[in-house]
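Computed over heavy atoms, backbone and side chain alike; hydrogens, waters and symmetry mates excluded. Index from 1, following the sequence.
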Amino acid sequence: QLQLVESGGEPVQTGGSLKLSCKISGKIANNYCLGWFRQAPGKEREGVAVINRNVGDSYYHDSVKGRFTISQDAGKITVYLQMNSLNSEDTGTYYCAAMRNYCSQQNLLRPQDFDYWGQGTQVGVSS
């Protein structure tokens, strides 16, 4: 059983930056995929970025490519989401998730593939 705890969400102005963190506790194998999803009010949850824990390859939603970067620490127990050039469309609750398998671009469209979820952290972007 894994526990995921997000932090780092806060209000920010348009054009600003934030770095979200997700600390993972429990036994996690190397073949897990870790990801960030977000949900805006009244909208469905969407995948933002995913990273394969062992290889480190990553995939992004088109809307965040070039602005967001997913990474993990050397011990691979914390996953980060660096968010730059934020705009109002980035507002929402950001969730960290883990999946018991290698992931690819298509898993961004399939939150149901992920086995563990954090409680979320709020990001609010205003002008």
Side-chain angles (χ1 to χ4, degrees):
Q1 193 78 2
L2 297 182
Q3 292 78 45
L4 290 74
V5 179
E6 306 96 333
S7 62
E10 62 183 51
V12 63
Q13 289 193 325
T14 298
S17 297
L18 279 177
K19 186 172 185 177
L20 306 182
S21 299
C22 172
K23 186 168 183 181
I24 304 161
S25 57
K27 286 190 175 181
I28 180 169
N30 273 335
N31 65 338
Y32 270 63
C33 167
L34 304 172
W36 286 97
F37 289 76
R38 67 186 178 190
Q39 189 164 18
K43 294 189 177 181
E44 292 187 353
R45 192 169 295 190
E46 65 175 8
V48 176
V50 294
I51 186 168
N52 285 300
R53 194 165 178 266
N54 55 353
V55 179
D57 53 326
S58 55
Y59 305 90
Y60 296 89
H61 190 281
D62 285 347
S63 67
V64 306
K65 283 181 181 175
R67 300 190 299 124
F68 289 13
T69 303
I70 189 170
S71 63
Q72 54 188 344
D73 68 338
K76 300 179 182 178
I77 59 172
T78 304
V79 61
Y80 304 100
L81 186 67
Q82 176 67 48
M83 306 187 294
N84 299 326
S85 302
L86 286 161
N87 59 61
S88 59
E89 296 294 309
D90 299 316
T91 293
T93 302
Y94 283 69
Y95 298 92
C96 179
M99 184 177 79
R100 295 189 201 98
N101 213 335
Y102 182 82
C103 60
S104 63
Q105 184 80 29
Q106 67 180 6
N107 292 108
L108 288 170
L109 303 176
R110 296 177 54 83
Q112 65 268 31
D113 291 342
F114 287 75
D115 304 291
Y116 300 99
W117 292 86
Q119 294 299 308
T121 186
Q122 298 272 357
V123 173
V125 184
S126 60
S127 57

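- Within the structure, salt bridge (Lys or Arg N to Asp or Glu O under 4.0 Å) pairs that include any residue of residues 112-127 comprise R100-D115, R110-D113 (at least two apart or interchain).
- Remark: S126 OG to Q13 CD distance equals 6.0 Å, nearest 0.5 Å.
- Q39 and T93 share no donor-acceptor pair across their side chains, judged by distance under 3.5 Å alone.
- Under the salt bridge (Lys or Arg N to Asp or Glu O under 4.0 Å) criterion, K27 pairs with no residue, sequence neighbours left out.
- For T121, there are no side-chain hydrogen bond (donor to acceptor under 3.5 Å, both in side chains) partners at least two apart in sequence or on another chain.
- More than 12 non-hydrogen atoms from other residues, nucleotides or ligands lie less than 6.0 angstrom from CD of Q3.
- With a 4.5 Å cut-off between side-chain heavy atoms of Ile, Leu, Val, Met, Phe, Trp and Tyr, the cluster of Y95 takes in F37, V50, Y59, M99, Y102, L108, F114, W117.
- Once rounded to the nearest 0.5 Å, the distance linking CD of Q72 with OG of S21 reads 13.0 Å.
- In this structure, the side chain of D73 engages the main chain of T78 through a donor-acceptor pair within 3.5 Å.
- Clustering of Ile, Leu, Val, Met, Phe, Trp and Tyr side chains at separations under 4.5 Å places V64 together with L2, L4, V12, L18, L20, I24, I28, Y32, L34, W36, V48, I51, Y60, F68, I70, V79, L81, M83, L86, Y94, Y116, V123, V125.
- For the side chain to side chain contact (heavy atoms under 4.5 Å, CB included) test, residues two or more places apart in sequence or in another chain that qualify with S63 are R38, H61.
- Each disulfide bond (SG atoms under 2.5 Å apart) pair with one or both residues in residues 40-102, not counting sequence neighbours, appears once here: C22-C96.
- Take S104 and apply the side chain to side chain contact (heavy atoms under 4.5 Å, CB included) test, not counting sequence neighbours, and it matches Q106, N107.
- Taking E44 as the reference, nothing meets the side chain to side chain contact (heavy atoms under 4.5 Å, CB included) condition, with sequence neighbours excluded.
- With sequence neighbours left out, E10 forms a side-chain hydrogen bond (donor to acceptor under 3.5 Å, both in side chains) with no residue at all.
- For N84, the side chain to side chain contact (heavy atoms under 4.5 Å, CB included) criterion is met by S17, Q82, not counting sequence neighbours.
- Within the structure, every pair that satisfies the disulfide bond (SG atoms under 2.5 Å apart) test and touches residues 31-82, not counting sequence neighbours, is listed here: C33-C103.
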